[in-house]
Chemist: 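To start, I am sharing the structure in question, which I have written as structure tokens.
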Amino acid sequence: MKIIVSGEKKEVAENLTVAALIEQEKVETPQYVTVSVNEEFIESGSFADRILHEGDEVEFLYFMGGGK
Amino acid sequence: MAFTNEQLERYSRHIILKEIGVKGQKKLTASKVLIIGAGGLGAPAALYLAAAGVGTIGIVDADVVDLSNLQRQVIHTTEDIGKKKVDSAAETMRQINPDVTVNTYHQFVTGDNILDLIEGYDFILDGTDNFPAKFLINDACVMAGKPFSHAGIIRFKGQLTTVIPGESPCYRCIFKDPPPKDAVPTCRQAGVIGAMGGVIGSLQAMEAIKYITGAGELLAGYLLTFDALSMQFRKIKLPPRGSGCAVCSDHPTITKLIDYEQAACELKK
């Protein structure tokens with residue numbers, strides 16, 4: 001199925017979970033990433049249970065602490 | 001108050017813009033912006049806000065200028081090494097534009113002082129380099145109803161959002177709690193390309209100017225991310241301000257400011 005990850009179309013396996021996508025995308029500091037699916041935040045405790053569907057739009061939001 | 005001929009000349013490229021005009025320039029002159037952190041983000045933001053004629057600019061920073069700052073903190077010069085950053089920044093801003101009143105605060109923001117610091121200002125810029133400060137600024141601005149620009153930079157990446165308390169999602173809507181110390185790298189550990197502060201800090205100044213003048217649409221409800229290596233900007237729509245946020249929901253569970261413990265990137269031992 002096709003989903004959109006960080007604005008780009010991706011072909012992924014059916015029934016892929018958010019947790020599996022995080023691993024597949026080699027997300028940096030995966031334990032601290034914030035994930036939204038279709039403009040809704042996903043609780044980090046639900047990453048393993050949240051199954052993605054065709055057309056879902058996934059965004060990864062990262063901590064960025066620098067500034068000085 | 002009417003502008004002098006010199007001011008009309010100084011601000012002529014603003015005044016000619018239909019989104020700003022004399023009216024917008026007067027709003028800038030009457031406005032007060034507080035910049036927390038006179039570093040990579042705060043330095044370019046302060047330069048542009050001073051040049052733009054923001055009437056009062058407050059600058060908060062407890063550090064002194066260090067040689068390693070000069071690769072990106074363009075408001076300070078080699079001669080300023082060892083000076084308080086707030087003094088060095090104030091001097092440059094006054095040189096750029098004598099119209100501007102600069103207030104300096106040589107201190108760290110804490111739960112005890114931040115509400116007093118932000119009170120007299122219309123818009124706040126977060127140019128800090130550590131998560132405890134970023135969460136503190138978010139929570140204080142939400143509690144006091146102060147609009148602010150949040151930003152972060154690291155390596156070749158940067159991001160920012162604008163928070164209008166009570167309307168758009170806040171920093172804590174995105175990130176519930178600060179990461180544990182050293183879990184996420186700082187600029188000192190990971191490095192940052194100097195021009196990134198220029199890109200993102202200038203965008204923060206842009207948001208302050210747009211907020212004050214009412215020009216265009218703010219980055220409220222969006223996170224703008226920039227990757228300099230691929231030269232990609234992305235404007236990511238954030239979920240709406242939800243009922244779940246511990247600080248900005250209608251029934252917050254955080255009602256007191258928290259001083260999280262964590263050494264900042266630039267904190268001296």
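Note that the coordinates shown come from a computational prediction; the quantities given were computed from them, not determined experimentally. Order of the sequence lines sets the chain letters (A, B, ...), proteins ahead of strands, with each chain counted from 1.
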Chemist: Heavy-atom distance under 4.5 Å to chain A: side chain of Ile153(B), backbone, both or neither?
Modeler: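 Both the backbone and the side chain of Ile153(B) come within 4.5 Å of chain A.
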
Chemist: Go through the atoms of Gln31(A) and report whether side chain, backbone, both or neither lie under 4.5 Å from a heavy atom of chain B.
Modeler: neither

Chemist: Sort Lys157(B) into side chain, backbone, both or neither according to what part of it lies under 4.5 angstrom from a heavy atom of chain A.
Modeler: both

Chemist: Could you go through Met64(A) and Arg155(B), starting from their C-alpha distance and side-chain angles, then the distance that decides it, and tell me whether this counts as side chain to side chain contact (heavy atoms under 4.5 Å, CB included)?
Modeler: CA-CA 10 Å; Met64(A) 227 174 262; Arg155(B) 300 191 183 104; over 6 Å; no

Chemist: More than 12 heavy atoms of other residues, nucleotides or ligands under 6.0 Å from CD of Gln107(B): yes or no?
Modeler: yes

Chemist: If you count heavy atoms of other groups shown closer than 6.0 angstrom to CD of Glu8(A), is the number above 12?
Modeler: no

Chemist: How about CD on Glu217(B), more than 12 heavy atoms from neighbouring residues, nucleotides or ligands closer than 6.0 Å, or not?
Modeler: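 Counting other residues, nucleotides and ligands, CD of Glu217(B) stays at 12 neighbours or fewer.
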
Chemist: Might you point out which heavy atoms bring Ile174(B) and Phe41(A) nearest each other, and give the distance in Å?
Modeler: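 It is CA-CZ, 3.8 Å.
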
Chemist: If you take all heavy atoms of Phe175(B) and Leu61(A), which pair is closest and at what distance?
Modeler: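 Residues Phe175(B) and Leu61(A), closest heavy atoms: CE2-O, 3.5 Å.
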
Chemist: Say you draw a straight line from CG of Asp227(B) to OG of Ser6(A); how long is it, rounded to the nearest 0.5 Å?
Modeler: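 Asp227(B) CG to Ser6(A) OG: 11.0 Å, rounded to 0.5 Å.
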
Chemist: Would you mind checking which part of Ala190(B) comes under 4.5 Å of any heavy atom in chain A, side chain (CB onward), backbone (N, CA, C, O), both or neither?
Modeler: neither

Chemist: Between Ala38(B), Gly158(B), Pro240(B), which residue shows the highest count of heavy-atom pairs closer than 4.5 Å to chain A?
Modeler: Gly158(B)

Chemist: For Gln71(B), does the CD atom sit with more than 12 other heavy atoms under 6.0 Å from it, leaving out its own atoms?
Modeler: yes

Chemist: Going through the distances and angles, do Tyr62(A) and Thr225(B) end up as a side chain to side chain contact (heavy atoms under 4.5 Å, CB included)?
Modeler: CA-CA 10 Å; Tyr62(A) 300 97; Thr225(B) 66; over 6 Å; no

Chemist: Quick check on Asp61(B) against chain A: is it the side chain, the backbone, both or neither that has a heavy atom closer than 4.5 Å?
Modeler: side chain

Chemist: Using heavy-atom distances under 4.5 Å, tell me whether Ser44(A) contacts chain B through its side chain, its backbone, both, or neither.
Modeler: neither

Chemist: Are the side chain of Arg72(B) and the backbone of Gly67(A) linked by a donor-acceptor contact shorter than 3.5 Å?
Modeler: no

Chemist: Do Pro178(B) and Phe63(A) have side-chain heavy atoms sitting under 4.5 Å apart?
Modeler: no

Chemist: For a salt bridge (charged side-chain N to carboxylate O under 4.0 Å, His left out) check, start with the C-alpha distance between Lys237(B) and Glu59(A), then their side-chain angles and the critical distance, and finish with the verdict.
Modeler: CA-CA 9 Å; Lys237(B) 195 168 192 322; Glu59(A) 293 287 356; over 6 Å; no

Chemist: Walk me through it: do Thr34(A) and Lys176(B) pass the test side chain to side chain contact (heavy atoms under 4.5 Å, CB included)?
Modeler: CA-CA 9 Å; Thr34(A) 292; Lys176(B) 288 185 174 173; over 6 Å; no

Chemist: Measure the spacing between OH of Tyr32(A) and CG of Asp177(B) and express it to the nearest 0.5 Å.
Modeler: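 Rounded to the nearest 0.5 Å, the OH-CG separation comes to 11.5 Å.
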
Chemist: For chain A, which candidate among Gly42(B), Ala183(B), Gly37(B) shows the most heavy-atom pairs at distances under 4.5 Å?
Modeler: Ala183(B)

Chemist: Is it the case that atom CD in Glu43(A) sees more than 12 heavy atoms from other parts of the structure closer than 6.0 Å?
Modeler: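 Atom CD in Glu43(A) is not crowded, with 12 or fewer foreign heavy atoms closer than 6.0 Å.
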
Chemist: Minimum heavy-atom separation for Glu39(A) to Pro239(B), with atom names?
Modeler: O-CB, 3.3 Å

